[in-house]
There are 2 protein chains.
Amino acid sequence: MAPRVGLTAERLTAVGAELADEVGFDQVTVSELARRFDVKVASLYSHVRNSHDLKTRIALLALEELADRAADALAGRAGKDALVALANVYRDYAREHPGRYAAAQYRLDPETAMAGAGVRHSRMTRALLRGYDLDEPDQTHAVRLLGSVFHGYVSIEMGGGFDHSAPDTQETWSRVLDALDVLLRTWPSAP
Amino acid sequence: MAPRVGLTAERLTAVGAELADEVGFDQVTVSELARRFDVKVASLYSHVRNSHDLKTRIALLALEELADRAADALAGRAGKDALVALANVYRDYAREHPGRYAAAQYRLDPETAMAGAGVRHSRMTRALLRGYDLDEPDQTHAVRLLGSVFHGYVSIEMGGGFDHSAPDTQETWSRVLDALDVLLRTWPSAP
DNA sequence: GAAGTTTGCCTAAAGCTATTAGGCACAGGC
DNA sequence: GCCTGTGCCTAATAGCTTTAGGCAAACTTC
């Protein structure tokens, strides 16, 4: 019916990522993916171990793309400039690729996580903090705070959590970044 | 086989919430729930419209429980004391009831969201901010920031995102709350 | 307390997804 | 041009979701 379409794990992952953006990451199904390739479901199982494997690959792809964008954004910037740029990378990526962004949150087993681009992200946030004057362990605390704000804000905004209240979210986003900048510059040292 | 077991939407929701905590919210299935009641699957459909309806009810239950705890925690507290108490409500709830906490993130259609306890949450965060000196629109910005940090931190921590790095998460959590307190007291006014 | 009605759980069935086992044919090596 | 192997296919099992229609237990009413 579809002889030698040329399936590979990579193509499955890429199209799976598009699918995620269109229908949502949790709606990504081996069956739907097969349909997209006009191929029978069973055919995918030679390239991908199972549904979980497929989702893991999509997650790793998303983390990698996100890390690439972050690296780009941070190049040549420092201080608040870098902070805003990095923050916008996450927010913009989530808006452009909601399915992939959700995928990036897919829980990976520790080994997979270590092998993937997850580490790059915290390293880049640390790099950004070089523009501020923080020593360990405050730097780690700050890395975690930034991750929390970025992820928390973006995921609430995407989930429509800010929809039914007044000022527009762009305004809030700017003011939150202003506030974070101030906070990092005046970080309260340990008690 | 099981004559008049006494199914109601409420009992299904309650047991569904327990199920969520045990196996994860996304693993909550009408079939598994039927098994728990030792009843055939079809029987549940007289009490709950469908799987989405069931999950919505669990989500609303979780939001309500969370709002109740928050109200308790805020009673008689102000300033940083209140901030820490509220923050810990979210974090502790997520630790004690991971499935319910995930349920609270389940996307609701706008009307359902408005009817549910979602509004109570933002009202309480606003109440907490009375201890700080913020006028609109900064108050709204601050509400959103706090929501982002709480949700972001808790969901990354639960997802194991902080596992493979150095200082323990309790320490970071305290320092983050210290930082937020300082930030709210010295909130940067509009440019 | 018996008769009628409602209600609650059941059987049956169709459609979807995931996953495995084994077959056939097309592509490339010789 | 044959031969091998990889790549997609058919077939089959099993689980979850949802709807339609049945039967009997429980409530209502006299």
Side-chain angles (χ1 to χ4, degrees), chain A residues 1-61 99-100 102-103 106-109 112, chain B residues 1-61 99-100 102-103 106-109 112:
Chain A
M1 210 185 209
R4 307 294 128 113
V5 183
L7 300 180
T8 64
E10 286 69 33
R11 287 187 65 206
L12 292 182
T13 307
V15 175
E18 290 170 23
L19 179 57
D21 288 333
E22 291 172 34
V23 303
F25 182 61
D26 36 329
Q27 307 300 320
V28 170
T29 178
V30 186
S31 304
E32 180 60 34
L33 194 52
R35 244 169 261 134
R36 299 253 161 159
F37 278 97
D38 196 26
V39 142
K40 296 298 162 148
V41 194
S43 309
L44 302 199
Y45 283 84
S46 332
H47 303 278
V48 146
R49 215 191 331 273
N50 52 35
S51 183
H52 175 256
D53 181 33
L54 172 65
K55 289 188 179 166
T56 299
R57 286 168 191 268
I58 297 176
L60 292 174
L61 172 69
R100 286 155 142 101
Y106 190 63
R107 185 154 197 173
L108 305 173
D109 39 309
T112 315
Chain B
M1 214 187 204
R4 308 292 127 117
V5 182
L7 300 180
T8 63
E10 287 68 33
R11 288 187 66 206
L12 292 182
T13 307
V15 176
E18 289 170 22
L19 179 56
D21 287 334
E22 290 172 33
V23 304
F25 182 61
D26 37 328
Q27 307 298 320
V28 170
T29 177
V30 185
S31 304
E32 180 58 34
L33 195 52
R35 242 169 263 133
R36 299 252 164 159
F37 279 96
D38 196 25
V39 142
K40 297 299 162 151
V41 194
S43 309
L44 303 199
Y45 283 83
S46 333
H47 304 278
V48 147
R49 214 189 333 273
N50 51 34
S51 182
H52 174 255
D53 181 34
L54 172 65
K55 288 187 181 168
T56 299
R57 286 168 190 269
I58 298 176
L60 291 174
L61 172 69
R100 287 156 143 98
Y106 190 62
R107 184 153 197 176
L108 306 173
D109 39 310
T112 315

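Note that this is a predicted model, so its numbers are computed, not measured. Values reported hereafter were calculated over all heavy atoms of this structure, with side chains retained and with hydrogens, waters and symmetry mates removed.
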Closest approach of A/G16 and A/L33, non-hydrogen atoms and distance?
N-CD1, 3.7 Å
Please report, rounded to the nearest Å, how far the C1' atom of D/dT17 is from the CZ atom of B/R35.
13 Å
Please work out whether the ring planes of A/F25 and A/Y106 are parallel, tilted or perpendicular, with thresholds of 30° and 60°.
perpendicular
Using every non-hydrogen atom in the two residues, find where B/L108 and B/A59 come nearest and quote the distance to one decimal.
CD2-CB, 4.2 Å
Closest non-hydrogen contact found for B/V5 with B/R11 is O-NH1, 3.3 Å
Sole residue of A/T8, A/L12, A/L7 in side-chain contact (heavy atoms from CB on, under 4.5 Å) with A/E10:
A/T8
Looking only at side-chain N and O atoms, does B/T29 come under 4.0 Å of OP1 or OP2 in D/dT17?
yes
Taking the side chain as every heavy atom from C-beta outward, state whether B/V30 and B/V41 have any pair of such atoms under 4.5 Å apart.
yes
Go through residues 42-55 of chain B and report each residue with a non-hydrogen atom lying under 4.0 Å from DNA chain D, sorted by number.
B/A42, B/Y45, B/N50, B/S51
Which of residues 8-26 of chain A sit near DNA chain D, with a heavy atom under 4.0 Å from it?
none
Of the candidate nucleotides C/dC10, D/dT10, D/dT17, which contains the atom at the shortest distance from the side chain of A/K40?
D/dT10
side-chain contact (heavy atoms from CB on, under 4.5 Å) between A/R36 and A/E22, worked out
CA-CA 12 Å; A/R36 299 253 161 159; A/E22 291 172 34; 3.0 Å; yes
Heavy atoms, side chains only, cut-off 4.5 Å: are B/L60 and B/T13 in contact?
no
Counting side-chain heavy atoms from C-beta on, which of C/dC10, D/dT17, C/dT17 comes nearest to A/S31?
C/dT17
Whole angstrom value for the distance that separates P of C/dC16 from CD of A/Q27
15 Å
Between B/L33 (CG) and D/dT17 (C1'), how many Å, whole number?
14 Å
